[in-house]
Amino acid sequence: MADAKDPSNAAIADLLDELGDLYELDGAVVHRVLAYRNGAKAVREAPRAVAAMVRAGTVTELPGIGATLEEKLQALLTTGSIPALEKLRGKLPAGLLQITRLPGLGPKRARKLHDALGVDGPVALRDAIAAHRVRELPGFGAKSEERLLAALDAAGDDLAGPERHRLDRALQVGEALVAALREVPGVDRVELAGSARRRADTVKDLDVIATAEDPAALLAAFRSSDLIADVERGGEAGAHGTTQTGIGVDLRVVAPDQFGNLLQHFTGSKAHNVAIREAAVKRGLHVSEYGILDDATGESERFAREEDVYARLGLPWIPPELREDRGELRLTEVPRLVEPGDLRGDLHMHTTASDGTASVREMALAARDRGLEYVAITDHSASHGFGNAVSADRLRELIAEVRAVDDELDGITVLAGSEVNIGTDGALDYPDELLVELDWVVASVHTAFTSDPTRRIVAACEHPLVDVIGHPTGRKLGQRTGYELDLDRVVEAARGSGTFLEINGSPARRDLHDVHARAARDAGVLLCIDSDAHRTETLENTLWGVMTARRAWLTAQDVANTRPWPELRALRKGGR
Ligand code: DGT
Ligand code: CA
Ligand code: CA
Ligand code: ZN
């Protein structure tokens, strides 16, 4: 922690976001608004103290932070506030910002409500709706009132935003912290426990379990780590802090001979632990975080190794990803879960042809460097609406480009594909004569989420040239829950037609979700783990997909793209 009084990165990012929102409400030009949003994102994602960078004069090294933002941050650190922010806060009420985040409103319309009706927040908005005053404004109607009321109800206390953190962001700082603590002299073992170790989609806080000959040195290192913004409490046995990125950390220092018990306990999940205790009682054993008490002897046993905790209970060591009380205690032998190294291909990625940032050749080379045997280039079709629109003619050119790169490069097979939008009628963007030219077709819903997505996805499964459904539920962690989908019908359509379902590895998606992916596998559907990379760096997204697949109990056999391409090619239903 650089200086006890410095604001954390998360706090700075919130201020920049607020500035962006207030400027937008104030009607500022769009690039100004974006500058603050980009700056907020850069600060939020920076693992080390941004306040310290401002003091050192190096903050403009962060992408998206220029001289203007640097000046605002300097003011914040020297005076404790940003003058422009104070001015805007005086002009625009805080409640107005909250309601701009309601779906269907946004800054322009929120501003109209404010200026015409004096609406300054959620309470005033409810009153205005009840009095039917909103519908009188141009651009609003009775339907808007209904929708806004529903949005207010759905938002509840949560208008301010989500409190959980995406796993990738939690692991970025969690793993760096664990690595740093392991380096401290006098420290023996440090492990991440909790939901982060179970590779859940999101985590509330990080749990770190450690043993040390010199606990004081460990705690001192934790307090002074520049990954940690602030330590709220602490004693000899542990501490509770917050990372620069705004994630809580529970650090517990334990005796070496109990490390296994505590690691097991704090890895959870709670449901898994409850099930373990209930099963143990039947064997005359009482499990707690401190040890296992045997009724027969009255003796409590402690274990340094987690494997020995499970062995004492007559269980195989259960991989953390399975510890959700979903039947894992009935395993006599743990299946060999899929691993990153099992993936031979990646069948969903974008290039500059649509909304990616790298060329076909660059993506192929980067994939080869990562050890992949094959990739499919799957740019968006025309109706996707973002990036360059790939018309049918453009797709023909792109296929030729892919074939040329494939001929040129050794050591990687480059396949021509597309991520085709599923229209509201369930139809695809390209004619069948063109789709049949492709090696791989991903079909996804990107538009009109409320317009019967189940029927559309079922129709896509039944299309003979569709190989896989991309990000089947459309969820975005912390942003939207996904379309209202009848997953049983989708799984049944996929099984009946021989269509694969994707586990999209983007850490914001991880879609299918683990529970659904497991149901799909149990029904006999093969899953594809894809990166959906839009740049060469995010080819590593398949790692998050593998984590989801492991939580879904999948083996390499259950994942289509662990096979060599000739074998997978023969499994496609298309028969082309
Ligand atoms: P989260 O919400 O993402 O932080 O999820 P966890 O699983 O990391 O939950 P957390 O941090 O509240 O607690 C860490 C672990 O400690 C949890 O997975 C199991 C264990 N634990 C916590 N509270 C209880 C409890 O009341 N009973 C039992 N049996 N275990 C608990
Ligand atoms: Ca936790
Ligand atoms: Ca915790
Ligand atoms: Zn997509």
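Remember, it's a predicted structure, so these values are computed and weren't measured experimentally. Whatever order the structure lists ligands and atoms in, that order sets their numbers, starting from 1.
- Counting heavy atoms from C-beta outward, T242 and V249 have side chains that stay 4.5 Å or more apart.
- Residue G268 has at least one heavy-atom neighbour below 4.0 Å for each of these atoms of ligand 1: 17 (C), 18 (O), 19 (C).
- A cation-pi arrangement is found for R518 relative to W553, the charged atom lying closer than 6.0 Å to the ring centre and inside a 45° cone about the ring normal.
- Under a 4.0 Å heavy-atom criterion, S269 is in contact with ligand 1.
- Near R198, with a cut-off below 4.0 Å to any heavy atom, the atoms of ligand 1 are 7 (O), 18 (O).
- Among the atoms of D250, no N, O or S atom falls under 3.0 Å of the Ca ion (ligand 2).
- Of all N/O/S atoms in D207, OD2 sits nearest the Ca ion (ligand 2).
- For ligand 1, the atoms lying closer than 4.0 Å to a non-hydrogen atom of G194 are 8 (O).
- Proximity of S195 to ligand 1, defined as any heavy-atom pair under 4.0 Å, is shared by backbone and side chain alike.
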message: Before you tell me yes or no, could you show the steps for S381 and N421 under side chain to side chain donor-acceptor pair (under 3.5 Å), namely the whole-Å CA-CA distance, both residues' side-chain angles and the distance that decides it to 0.1 Å?
response: CA-CA 6 Å; S381 60; N421 216 17; 5.2 Å; no
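- To the nearest 0.5 Å, atom CD of residue E175 and atom CG of residue L206 are 10.0 Å apart.
- Within ligand 1, the atoms closer than 4.0 Å to a non-hydrogen atom of D205 are 4 (O), 11 (O), numbered from 1 in the order shown.
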message: Test side-chain contact (heavy atoms from CB on, under 4.5 Å) on R312 and D294; report intermediate values, then the result.
response: CA-CA 10 Å; R312 180 69 183 87; D294 188 334; 2.9 Å; yes
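- By the criterion of a heavy-atom distance under 4.0 Å, the side chain of R164, and not its backbone, is placed next to ligand 1.
- The proximity of D250 to ligand 1, defined as any non-hydrogen pair under 4.0 Å, does not occur for either the backbone or the side chain.
- In this structure, the separation between OG on S531 and CG on L543 is 10.5 Å, given to the nearest 0.5 Å.
- Note on the Zn ion (ligand 4): protein N/O/S atoms under 2.8 Å are E419 OE2, H446 NE2, H471 NE2.
- For atom 20 (C) of ligand 1, the choice among R323, H265, H272 with the nearest heavy atom turns out to be H265.
- Near T267, meaning under 4.0 Å from any of its heavy atoms, are these atoms of ligand 1: 18 (O).
- The closest donor-acceptor contact from the side chain of R572 to the backbone of R569 lies under 3.5 Å.
- The minimum heavy-atom distance linking I469 with V466 is given by the pair CD1-CG1, 4.2 Å.
- Near F266, the atoms of ligand 1 lying under 4.0 angstrom from a non-hydrogen atom of the residue are 14 (C), 15 (C), 16 (O).
- Residue contact check: V203 has heavy atoms under 4.0 Å from atoms 3 (O) of ligand 1.
- With a 4.0 Å cut-off on non-hydrogen atoms, D207 touches ligand 1 through its side chain and not its backbone.
- Remark: the backbone N or O of R189 is paired with a side-chain donor or acceptor of T211 at under 3.5 angstrom.
- The distance from the OG1 atom of T378 to the CD atom of E419 is 6.0 Å, given to the nearest 0.5 Å.
- In this structure I276 satisfies the side-chain contact (heavy atoms from CB on, under 4.5 Å) test together with Q264, H272, V287, Y310, L313, L315, L329, sequence neighbours excluded.
- For atom 29 (N) of ligand 1, the nearest non-hydrogen atom from the set N273, V287, L192, I247 belongs to N273.
- By the 6.0 Å and 45° rule, R302 does not stack over the aromatic ring of Y290.
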